[in-house]
Amino acid sequence: MSSLSEYKHIFPIDSIQKVCDLFEEQLRSSKEPDLALFSIIVGAVENNLTNVKNSDKDVNLASNKFVKMKFPSVEWDEVKTLYERFVSLMRSGVDAKLLSGDLATRDLVKRVADVVWNSLTRSYYKDRAHLQSIYSFLTGNKLDCFGVAFAVTAGCQVLGKNDVHLALSEDHAWVVFGKDGLNTAEVTWHGKGNEDKRGRSVGEGVLARSWLYVAGKPVVCTRIMELAALVSSINPTLTPTIDVHEVALMQHKLLWLLYDKGHLEAYPMALGNLGDLDEYMKIANNTEAPESSTINDEIGVIKSSNLRPDSASLYIQSIRSSRTHYEDRHVYPYTFQGGYYHRHKMYKEAFQAWACAGDVIRHYNYSRDDEEIYKEFSEIANELIPQLMKAESSGHSARSILKDPECFASLLRFYDGICQWEEGSQTPILHIGWAKPLVSTISKFDAEVRAQVNIICSPDNGEPTETTQKTDKTNANDEKDNDSWNNNSENTEMTVREQLTAAVNSRPRVTLYSHKMAALKPLLLAERLNTHALQLQLTAQSQLQRPHLPAKRRDDEDHNPSAPTARAKRARRER
């Protein structure tokens with residue numbers, strides 16, 4: 001851990017460049033980053049820039065999607081005082097007996113978590129912005145779920161326990177500790193209640209197959225990745241509809257700095273956030289996303305686009321990261337990509353990305369802890385898809401995706417994933433609010449289009465494999481397209497029988513694994529859709545208890561329950 005005085009020469013920090021200089025100096029250093037120090041500095045900048053009371057009174061907030069603020073001046077004395085207060089709190093709150101030995105113990109981790117927890121105000125701050133930094137903790141005694149886990153990790157660091165690291169799922173955070181990080185401990189809360197789980201292993205949540213614990217495949221951070229988590233958790237929002245440009249720009253530049261050094265390779269969420277920010281910056285700068293030209297830097301330096309990937313490529317890298325490091329158990333890489341395609345009216349590609357998100361969520365059992373991903377799928381299924389289907393079914397567009405059987409196959413995969421997510425869960429998902437948009441969407445496809453899809457039902461089979469892997473490659477768009485359906489029509493060397501066989505085999509194929517969707521096959525392929533029967537079957541709360549299958553059905557049953565886990569809540573960017 002670096003000495004506090006080593007960074008005094010950078011102060012006062014009064015520009016984005018100064019913040020970047022601070023991070024760049026740390027990345028060049030062989031010493032561990034001081035998490036508390038960096039969190040205080042970044043939090044000070046974010047909180048000052050996003051304080052509505054301090055905002056420029058001349059800014060017309062009603063007519064802007066983002067505003068520009070004067071960058072604050074973060075002084076050395078302020079940071080030093082806050083830092084020393086944090087160190088003093090940790091040292092005075094933890095019994096020296098708990099500090100014996102080289103590695104942290106569960107009792108020590110729980111005690112540090114209790115010190116943080118007991119310092120917070122008693123009010124409950126769910127999903128409030130700008131509460132993730134130690135600056136917020138020290139100046140307002142407020143932290144969100146991610147902030148508590150980060151503060152516990154930083155607290156253990158100042159106590160000399162460098163084996164304690166942050167673990168991140170897509171909507172939760174905890175810590176790993178001990179030799180090789182094999183021990184896990186809850187240090188914060190999640191959801192609507194403040195149940196005291198501090199000190200417990202996360203194994204119970206993993207075994208429950210909850211998305212909250214990503215099947216025991218979390219992002220387990222190194223010290224530098226903990227810095228990346230700090231940067232990724234920055235929230236530029238001033239109001240629910242307005243971002244502060246300087247905060248977004250600082251986050252954008254810091255993420256690129258970490259990306260260039262290779263520290264985001266195993267961090268899918270940060271790659272997705274960077275993709276969103278890169279697109280945001282093009283909008284903020286009133287520039288079009290270049291295909292092969294240039295990227296304009298903040299200070300006007302033109303950088304060749306082949307040095308840094310564009311947003312679409314970053315989303316692909318996020319997906320590749322999830323597949324490579326986390327056995328493709330993370331959902332957000334696909335929803336990031338699907339949102340990008342949707343914004344750019346690439347609807348067929350959006351359907352494929354959302355279908356892959358459905359393939360991931362089918363590995364889990366839905367629970368009330370999964371509120372964030374439920375909202376994500378609800379927005380896709382009940383808002384985005386119906387809106388684009390309405391637009392596509394009118395005028396000249398009516399001959400586009402609605403005539404494409406591949407799009408229909410992707411939609412079936414997407415809904416099948418949600419139905420299988422529901423199976424085995426204590427709480428149903430597909431109430432009438434889901435069923436009506438689903439049936440309406442399916443009814444937009446003509447019978448002849450639906451009939452071209454080769455539907456295979458395998459509700460008692462295990463893990464989706466062939467179909468999922470094939471369409472995943474199509475979705476990622478970074479490998480050769482293996483789903484080139486109907487590509488034999490011009491082969492005049494084939495016999496009539498061979499051409500007929502090839503035509504059947506080249507139809508879009510989708511395997512339905514959920515009982516609900518498999519039962520719908522006759523209705524889906526009927527020349528005239530019985531929408532009432534479809535709605536009844538979709539909302540039926542039968543088959544919720546999935547039959548017990550052999551352990552080989554899901555490889556997440558073979559994991560080590562004490563394996564590490566977790567992530568900060570995804571910030572939704574409205575455009």
Side-chain angles (χ1 to χ4, degrees), residues 268 271-272 275 279 310-323 328-363 373 376-377 379-381 383-389 391-392 397 400-421 438 441-442 444-445 449-450 452-456 464-487 506-514 517 524:
L271 289 167
E279 188 180 4
D310 60 9
S311 295
S313 299
L314 287 167
Y315 298 131
I316 290 171
Q317 289 184 30
S318 177
I319 291 169
R320 186 185 298 124
S321 176
S322 176
R323 293 175 178 175
D328 205 18
R329 291 300 189 265
H330 293 208
V331 180
Y332 280 139
Y334 296 106
T335 59
F336 270 124
Q337 188 185 54
Y340 172 84
Y341 286 140
H342 177 263
R343 290 190 295 274
H344 289 265
K345 294 182 170 52
M346 301 167 66
Y347 295 141
K348 180 175 180 177
E349 291 82 358
F351 285 156
Q352 290 172 338
W354 291 332
C356 288
D359 285 333
V360 177
I361 203 64
R362 75 170 72 246
H363 293 291
I373 201 64
E376 192 84 14
F377 277 110
E379 180 183 29
I380 294 168
E383 296 179 34
L384 300 184
I385 291 178
Q387 288 168 7
L388 73 86
M389 294 299 286
E392 289 287 289
S397 295
S400 57
I401 62 172
L402 299 183
K403 302 297 183 183
D404 191 334
E406 295 177 33
C407 289
F408 184 63
S410 292
L411 282 170
L412 294 183
R413 272 176 60 210
F414 171 71
Y415 291 124
D416 184 57
I418 293 174
C419 287
Q420 197 171 15
W421 183 30
L438 192 162
T441 295
I442 291 173
K444 295 288 196 301
F445 290 90
V449 177
R450 289 183 273 113
Q452 292 180 54
V453 178
N454 181 15
I455 299 177
I456 300 170
T465 54
E466 184 179 351
T467 305
T468 299
Q469 291 170 359
K470 183 188 294 184
T471 44
D472 278 355
K473 291 179 181 179
T474 302
N475 168 72
N477 210 22
D478 60 338
E479 300 179 40
K480 184 176 179 180
D481 187 353
N482 290 326
D483 282 339
S484 300
W485 295 309
N486 301 319
N487 59 357
S506 64
R507 289 164 55 195
R509 186 178 71 171
V510 59
T511 302
L512 301 179
Y513 294 94
S514 70
M517 289 298 291
L524 294 170

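Residue numbers run from 1 in the order of the sequence given.
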Between Pro405 and Pro508 the two heavy atoms that sit nearest each other are CB-CG, 3.8 Å
Determine, stepwise, if the pair Thr441 / Tyr415 fulfils side chain to side chain contact (heavy atoms under 4.5 Å, CB included). CA-CA 11 Å; Thr441 295; Tyr415 291 124; 3.9 Å; yes
| message | Trp421 vs Ile373, test: side chain to side chain contact (heavy atoms under 4.5 Å, CB included). Steps then yes/no. | response | CA-CA 11 Å; Trp421 183 30; Ile373 201 64; 3.6 Å; yes
| said: So Tyr332 and Glu376, do their side chains get closer than 4.5 Å, heavy atoms only? | reply: yes
One should read off an interatomic distance between Gln317 CD and Ser322 OG, to the nearest 0.5 angstrom, of 13.5 Å
Dump the intermediate steps for side chain to side chain contact (heavy atoms under 4.5 Å, CB included) on Val449 and Asp404, then the final yes or no. CA-CA 7 Å; Val449 177; Asp404 191 334; over 6 Å; no
Correct closest heavy-atom pair for Val331 and Ile361 would be CG2-CD1, 4.0 Å
Residue set satisfying side chain to side chain contact (heavy atoms under 4.5 Å, CB included) with Ser318, at least two apart, ordered chain then number -> Pro268, Leu271, Pro333
Taking every heavy atom of Leu402 against every heavy atom of Phe445, the minimum-distance pair comes out as O-CD2, 3.4 Å
- Message: Between Lys444 and Glu392 (salt bridge meaning N to carboxylate O under 4.0 Å), is one present in this structure?
- Response: no
Nearest heavy-atom contact between Ser514 and Cys419 is OG-CB, 3.4 Å
Interatomic distance, OG@Ser321 vs CG@Asp328, rounded to 0.5 Å, equals 10.5 Å
By side chain to side chain contact (heavy atoms under 4.5 Å, CB included), Ile442 pairs with (sequence neighbours left out) Phe408, Leu438, Arg450, Leu524, Leu529
Passes side chain to side chain contact (heavy atoms under 4.5 Å, CB included), Met389 versus Ile401? Steps please. CA-CA 9 Å; Met389 294 299 286; Ile401 62 172; 4.3 Å; yes
Contacts of Phe414 meeting ring-ring contact (aromatic ring centres under 6.0 Å, His included) (sequence neighbours excluded), chain-then-number -> Phe377
Rounded to the nearest 0.5 Å, the CZ atom of Arg507 sits from the CG atom of Asn454 at a distance of 4.5 Å
Nearest heavy-atom contact between Glu279 and Ser311 is N-OG, 3.3 Å
Rounded to the nearest 0.5 Å, the CG atom of Leu384 sits from the CZ atom of Phe351 at a distance of 10.0 Å
Minimal heavy-atom distance between Arg413 and Cys356, with the atoms involved, is NH2-SG, 3.4 Å
Next on the checklist: Using 30° and 60° as the class boundaries, would you call the ring planes of His342 and Trp354 parallel, tilted or perpendicular?
Outcome noted: tilted
dist Asp359:CG -> Gln420:CD (nearest 0.5 Å) comes out at 9.5 Å
Interatomic distance, CD1@Ile319 vs OH@Tyr334, rounded to 0.5 Å, equals 5.5 Å
